[in-house]
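Notes for the one structure printed next.
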Number of protein chains: 2
Amino acid sequence: MQVAKPTIQQISEITGYSVSTVSRVLNGYSKQYRISEKAQELIKKKAEELNFKPNQMARGLRLKRTFTIGLVIPDIANPFFAMMAKHIEKAASLSDYSILLVDSDENTEKEKQQIKNMIARDMDGIIVAPVGSEKKHFTEIIERKIPLVFVDRYFENCEIPFVTSDNLQGGYEATKHLIENGHKRIGLIKGDTSTQPVLERLNGYRKALQEYGITLNSAYEIGDTFSIESGYQSVRTVLKLPQPPTALFAMSNLIGLGAIKAIKETDLNIPTDISLIVYDDQPYAAFLNPSITTVKQDSEQIGKLAVNYIFKKINNEKTDVLQVKLQTQIISRASVKKIK
Amino acid sequence: MQVAKPTIQQISEITGYSVSTVSRVLNGYSKQYRISEKAQELIKKKAEELNFKPNQMARGLRLKRTFTIGLVIPDIANPFFAMMAKHIEKAASLSDYSILLVDSDENTEKEKQQIKNMIARDMDGIIVAPVGSEKKHFTEIIERKIPLVFVDRYFENCEIPFVTSDNLQGGYEATKHLIENGHKRIGLIKGDTSTQPVLERLNGYRKALQEYGITLNSAYEIGDTFSIESGYQSVRTVLKLPQPPTALFAMSNLIGLGAIKAIKETDLNIPTDISLIVYDDQPYAAFLNPSITTVKQDSEQIGKLAVNYIFKKINNEKTDVLQVKLQTQIISRASVKKIK
DNA sequence: CTGAAAGCGCTAACAA
DNA sequence: TTGTTAGCGCTTTCAG
């Protein structure tokens, strides 16, 4: 029982009014064009009856707007990004915008290809958490003046707006927290080092150590992928050192999970034998035993600010280039032990 | 430095060939139309040079295809759905399809509204994990012959295709697992009871109890929302019973987290004082202490099958109505203790 | 082998 | 207060 999709044209024929009148009424320009009450009522009634919905392709073609925002995320299964995506979608849909979602799978090739796709599909704006290794495929977005904002990950010395956490601060405070609990041998389990957040967290880590006069030990800085597996391998390695760390700082929730696995397998106890702090707070962190001390990022705020900025750009409002680093917060739980 | 977006028209002017020829070449119809080598080369070269990408809105308007699949999920921050979404996106992008993502936030109103949106946007297919309370807003999708498939959640006695887990089996086996470990007083912490999976898991639970001659106790069946908070409150309540359960079966990973919180707060120990099994296996389950026994669902397969089916429908291949319930698997870990 | 032209459904400038 | 009409960029029929 296929129901033909009603068009403005059909409503025009049925009501006897022209397509322009129908269009005007349906787009809320009734008073502006002083459309008669009679026409308004009839048209609205018929549209309702037929369950009319304007064809967005036609509308978009004409208006050169798609009412959709492209979102490119390296791993939607990572709860940090999932939460961000949730709030981005929410903010967008509140303004009748939709989200075209891409999971780049931490793969630059897919990212490149899908950025092209987003351009071809005329996204009104694009939000991306770049994989991190390359950035020249973003220049076309900028040349075409398509509103673009990076979230979480971004590039240094670059005009592209971004919203992220203050990773320097986060790295610094996490490390400081460990130091203030008496730790001097602190292992840093890193994510993808081609990525700005990792670099800054690393800087924060070093800054804290130096401030407290602790000499850096490059063997304690290890890892290069945001995954459970990488966290696991890295921690296994670092625990085999002649002088293993007394505390670990894991750079993401996935890495943290891998770290816990490695620690368990080595028959070590958290926090008795080794302390742990994890970047990025996830619901389950509180339920692990011991509960895990984390660095909390405001993913909700990141998403909201990104969408807001895109909307401002879409509406041609003047704005400074948005380059925001949101404060992070240490959520102190039971995985860090005071020593000495 | 705004770069005009090249159109087929412009390429036509530059190369001196008509738009039709350009279109044919660019769409790979060169041999079919026996286009001259010369024309082919010139056109392709220019298109490449100008970084031409066909305008998808115009193309869609003409073709009446959008090359996009709508995905409506109740909570993208739930790792189960996130994982599913990841695989859906992956499968779709492999065929040059994109995903329009909606998070219905477990809210029927938003779901309704966004289903309308999907229709207005002419999705080539729609995949939805329905909130569960209502289904009549899906009829329009069906009347319009838009390929539709439900994932995870679905409706009974309904022609709409779905891919889900075998929730009856999952509920049955989880309960049986507990019973075989000596438990007779088993609390069932439910999710949204307007939802088919919850109903079936519940049936599986009851079936197992009856099979073993254990009388049902309605006070042990509690809860109605897929959330940490609901799991927490429900478990608190059930633990206050004069005869509290010796084992708990939590119907989702979020509910499981809430259960753990409540158990801890009551100063009970898992599994010494109380056993726990959780529906839906998530990476962190292995890292909780104790590690949690779970019912694993194949979210990857769910996603893939759903997308495949949509593609078959899009391509007008004949298929039976897809109504698949994938087997689940008990992942036995340390949260269930043998008693008596 | 190639081109002209219609038309997908909509908006908006222009005309009345 | 309303209608006519020209496109938006593309595909495809029909005509060479």
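Convention: sequence-line order gives letters A, B, ...; per-chain numbering from 1.
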Whole-Å distance between [N] [atom2] and [X] [atom1]?
X: A/L50; N: C/dG9; atom1: CG; atom2: P; value: 15 Å
X: A/Y29; N: C/dA13; atom1: OH; atom2: C1'; value: 14 Å
X: B/K5; N: D/dG9; atom1: NZ; atom2: C1'; value: 10 Å
X: A/D122; N: D/dC8; atom1: CG; atom2: P; value: 14 Å
X: A/I43; N: C/dC10; atom1: CD1; atom2: P; value: 14 Å
X: A/M57; N: C/dG7; atom1: CE; atom2: C1'; value: 16 Å
X: A/Q9; N: D/dT5; atom1: CD; atom2: C1'; value: 13 Å
X: B/L63; N: D/dG9; atom1: CG; atom2: P; value: 17 Å

Compare every heavy atom of A/A77 with every heavy atom of B/K86, then report the nearest pair and how far apart it is. CD-CB, 3.9 Å
If you compare all heavy atoms of A/I302 against all heavy atoms of A/L326, which two are closest, and at what distance to 0.1 Å? CG1-CD1, 3.6 Å
If the cut-off is 4.0 Å, is B/N27 near the phosphate of D/dT11, judged by side-chain N/O to OP1 or OP2?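 Looking at the OP1 and OP2 atoms of D/dT11, one of them is under 4.0 Å from a side-chain N or O of B/N27.
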Counting just side-chain N and O atoms, does A/T21 come under 4.0 Å of either OP1 or OP2 of D/dT2?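 Looking at the OP1 and OP2 atoms of D/dT2, neither is under 4.0 Å from any side-chain N or O of A/T21.
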Could you tell me whether [X] contacts a base, only the sugar-phosphate backbone, or nothing, with contacts defined as non-hydrogen atoms closer than 4.0 Å?
X: A/R59; result: sugar-phosphate
X: B/S36; result: sugar-phosphate
X: B/S23; result: base

On DNA chain C, nearest-nucleotide positions of B/V19 versus B/L61: which is more 5'?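 It is B/V19, whose closest nucleotide lies nearer the 5' terminus.
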Return the 5'-most residue of the pair B/A39, A/R62 with respect to DNA chain C, ranking by each residue's nearest nucleotide.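 The 5'-side residue here is B/A39.
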Compare the minimum distances between each of [options] and the side chain of [X], then state the nucleotide with the smallest one.
X: B/N55; options: D/dT2, D/dC10, C/dT2; answer: D/dC10
X: B/K64; options: D/dT13, C/dG9, D/dC8; answer: C/dG9
X: B/T7; options: D/dC10, C/dG9, C/dG3; answer: D/dC10
X: A/I35; options: D/dG9, C/dT2, D/dT2; answer: D/dT2

Under a 3.5 Å distance rule, please check whether B/D124 uses its side chain to pair with a backbone N or O of B/I69 as donor and acceptor. no
Check for a donor-acceptor pair, side chain of B/E111 on one end and backbone N or O of B/V131 on the other, with a separation under 3.5 Å.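 Such a contact is found between B/E111 side chain and B/V131 backbone.
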Is there side-chain contact between A/Y17 and A/L42, with heavy atoms separated by less than 4.5 Å?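 A side-chain contact exists here, since the closest heavy-atom pair is under 4.5 Å.
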On a plain distance test, is the side chain of A/S20 in donor-acceptor contact with the base of D/dT4 below 3.5 Å? yes
Any donor-acceptor pair under 3.5 Å between the side chain of A/R24 and the base of D/dG3? yes
Mind telling me whether A/F150 and A/F155 have parallel, tilted or perpendicular rings, with 30° and 60° as the class edges?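 The arrangement is perpendicular - the two ring planes meet at more than 60°.
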